[in-house]
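For reference, the structure discussed in these notes is given below.
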Number of protein chains: 2
Amino acid sequence: MGIIRKTRSIEILLTEFKNSGYAISAIELTKRLDEKLNKTTVYRVLDKLEDDGILHSFLDKKGIKWYAKCNNCTHTKHFDAHPHFQCIRCGKVDCLTIDIHIPKIPNREITVSQILIQGKCESCSI
Amino acid sequence: MGIIRKTRSIEILLTEFKNSGYAISAIELTKRLDEKLNKTTVYRVLDKLEDDGILHSFLDKKGIKWYAKCNNCTHTKHFDAHPHFQCIRCGKVDCLTIDIHIPKIPNREITVSQILIQGKCESCSI
DNA sequence: TTTATTATTGCAACATAGTTGCAATAAATT
DNA sequence: AATTTATTGCAACTATGTTGCAATAATAAA
Ligand SMILES: [Mn+2]
Ligand SMILES: [Mn+2]
Ligand SMILES: [Zn+2]
Ligand SMILES: [Zn+2]
């Protein structure tokens, strides 16, 4: 179930994403908003924003949960099957717009695929 | 640091992988070997077997750690950058031999990529 | 505007996966 | 057989995330 009431918590979390073109980990958000919001609230609001197609989530190499803005998703349809990139030096994570082709595999029905690419980002590869 | 002494624990864990063509999660191993080995030992031995290029590890959709046999890896070189497949019905996970091409991305140095494909396996898609 | 309804929040306690320190044990070497 | 030290088991811990429940606040109704 998604958002029903426009609350302070939701405003605060949306602002975090408005001011960032990158993905943000749930942990980072709980720390960053520690004075303002309880960590349970952070997790619950993120969950609702995802339900509503406002954010999407994925796990990084260590199994940590990250969130990023969706582009044209709704609460009924999510279109965020894109790969993600994590910089091994600065740790920044972002969404990639490239499309990676997954070939058919004999005798298997492919539903989804998660792709996490690692390397050095623009700033870190100089 | 890898294996130095050939112990009972190592034999037991190697046997588990000898009898399975699939990947096995660390959790599953701790449960399966609960009577024989302490969970700390299981985690430590898996870690060493990975160091030695005998096993390789990866995380599934939920961030759970899985291990599978390596093919031609050594303690100096790991060649296990292949994609993995997890059946959404029976939960089985295995290594795929297909090669998925990751295109170059402007201004970024790609090091590795993790690909987890989900769908129904041979048995489950009938 | 006031009152009523109920979604949302904060808190504490819990769950799960994996890790660490340390004394006891058991491989390997002498 | 004695010595060395890698490995193990245990308990306690860490980290990330979840749950139950009473208090609070957003919205609807009066
Ligand atoms: Mn994304
Ligand atoms: Mn594999
Ligand atoms: Zn970077
Ligand atoms: Zn299956």
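Throughout, protein chains are lettered first and strands after them, A, B, ... in sequence-line order, and every chain is numbered starting at 1.
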Give [X] one of three labels, base, sugar-phosphate or nothing, depending on what nucleic acid heavy atoms sit under 4.0 Å from its own.
{"X": "A/Thr7", "result": "sugar-phosphate"}
{"X": "B/Lys31", "result": "nothing"}
{"X": "A/Lys39", "result": "base"}
{"X": "A/Lys62", "result": "nothing"}
{"X": "A/Thr30", "result": "nothing"}

Next item on the list: Please find the earliest and latest nucleotides of DNA chain C, in the 5' to 3' direction, that have an atom within less than 4.0 Å of any heavy atom of chain A.
Entry: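 Contact span on the strand: C/dT6 to C/dA12.
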
Sidechain-backbone polar pair: [X] side chain, [Y] backbone, donor-acceptor under 3.5 Å:
{"X": "B/Thr30", "Y": "B/Val42", "answer": "no"}
{"X": "A/Lys69", "Y": "A/Phe17", "answer": "yes"}
{"X": "B/Thr15", "Y": "B/Glu11", "answer": "yes"}

Item checked: Full working for side chain to side chain contact (heavy atoms under 4.5 Å, CB included) between B/Glu16 and B/Arg32 -> CA-CA 9 Å; B/Glu16 292 298 320; B/Arg32 200 186 284 181; 2.7 Å; yes

Next item on the list: Identify whether the distance between the nearest side-chain nitrogen and carboxylate oxygen of B/Arg108 and A/Asp94 falls below 4.0 Å.
Entry: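 Counted as a salt bridge, because a side-chain N and a carboxylate O are separated by less than 4.0 Å.
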
Note to self: Reading DNA chain C from 5' onward, which residue's closest nucleotide shows up sooner: B/Arg8 or B/Trp66?
What the structure shows: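 Closer to the 5' end of DNA chain C: B/Trp66.
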
Notebook entry, point to check: Going by heavy atoms closer than 4.0 Å, what residues in residues 41-61 of chain B are next to DNA chain D?
Noted result: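 Within residues 41-61 of chain B, the residues near DNA chain D are B/Thr41, B/Arg44, B/Val45, B/Lys48.
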
Notebook entry, point to check: Do you see a donor-acceptor pair shorter than 3.5 Å between the side chains of B/Gln118 and A/Gln114?
Noted result: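 Checked: B/Gln118/A/Gln114 side chains pair up, N/O donor to acceptor below 3.5 Å.
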
